[in-house]
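Structure, as C-alpha cells:
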Amino acid sequence: METPTNQDCRKNGYQKVTFEHKLFVIDQINNGQISANFASKKYNISRATIHYWMKKLSNYTNKKTFVSKDDEIRKLKEKIADLEGIRYFQQDVIIEFEKITGEELSKKLLPESLSEPIQKRKKKLLK
C-alpha cells in the first residue's frame, strides 16, 4: 500500500464578505426563502459562520427596530385621540342627516350601542 506524498493540508484562506452580503444572506434565511444549510452550500460559507453572523447581526436588527414603551404608549394615545375625533365627526354627520330628513334613522338602523351615544350627543347639541 502506497502512502500519499506529502501534500499541503492547509485550510482555504478566508474570503472577505461585505456587510451588505451578510445581511442579505441572513435576511433570506430569516424570511424562509432558503435554509442555513442551503445557504452554506450556495454561498460556500460554513454553517457555523452563518450562525455566528445570525447571532451577531440579530443585535443590529433589534436595535434598528426598537421602540420604547413610552413612545409606543404616546403613539397609541395619539391614535385613540384621532379615532375619537373621527367618531364625533361621524356622529355629527348622522345628526345633521337626521335633521335634514326628519327621521331618526340611527334608532332604526344602528345597534343600540351605537345609536345611544348619538342620541345623547344630539340632546347636548340641541340645548
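If you're wondering where the values come from, they're calculated on a predicted model, not measured in any experiment.
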Trp53 vs Ile45, side-chain contact (heavy atoms from CB on, under 4.5 Å): CA-CA, chis, key distance, verdict: CA-CA 11 Å; Trp53 291 350; Ile45 301 167; 3.5 Å; yes
Going from [atom1] on [X] to [atom2] on [Y], what distance comes out if it is rounded to the nearest 0.5 angstrom?
X: Met54; Y: Thr49; atom1: CE; atom2: OG1; result: 13.0 Å
X: Ser46; Y: Lys41; atom1: OG; atom2: NZ; result: 13.5 Å
X: Arg87; Y: Arg121; atom1: CZ; atom2: CZ; result: 8.0 Å
X: Lys42; Y: Ile34; atom1: NZ; atom2: CD1; result: 5.5 Å
X: Lys22; Y: Tyr43; atom1: NZ; atom2: OH; result: 15.0 Å
X: Leu105; Y: Lys107; atom1: CG; atom2: NZ; result: 12.0 Å

Derivation of the side-chain contact (heavy atoms from CB on, under 4.5 Å) call for Asp27 and Gln33: CA-CA 9 Å; Asp27 189 44; Gln33 295 172 342; 5.9 Å; no
Is it true that [X] and [Y] make a salt bridge, defined as a side-chain N closer than 4.0 Å to a carboxylate O?
X: Arg74; Y: Glu78; result: yes
X: Glu72; Y: Lys75; result: no
X: Lys99; Y: Glu96; result: yes
X: Glu98; Y: Lys122; result: yes

Single-linkage hydrophobic cluster Phe19~Ile29, side-chain heavy atoms < 4.5 angstrom: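 Yes, same cluster.
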Same apolar cluster (I L V M F W Y, side chains within < 4.5 Å links), Phe97/Tyr88: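 Per the 4.5 Å side-chain linkage, Phe97 and Tyr88 are not co-clustered.
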Heavy-atom closest contact (Ala39 atom, Val25 atom, distance):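 Closest pair (atom of Ala39, atom of Val25, distance): CB-CG1, 4.2 Å.
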For the student: nearest non-hydrogen atoms of Pro117 and Glu112, plus distance: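 Heavy-atom minimum between the residues: CD-O, 4.4 Å.
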Counterpart residues, salt bridge (Lys or Arg N to Asp or Glu O under 4.0 Å), relative to Lys120 (two or more places apart):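 Only Glu116 meet the salt bridge (Lys or Arg N to Asp or Glu O under 4.0 Å) criterion with Lys120.
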Linked hydrophobic residues, Ile95 as query - side chain contacts closer than 4.5 Å: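 Noted: Ile95 shares its cluster with Ile94, Leu110, Leu114, Ile118, Leu125.
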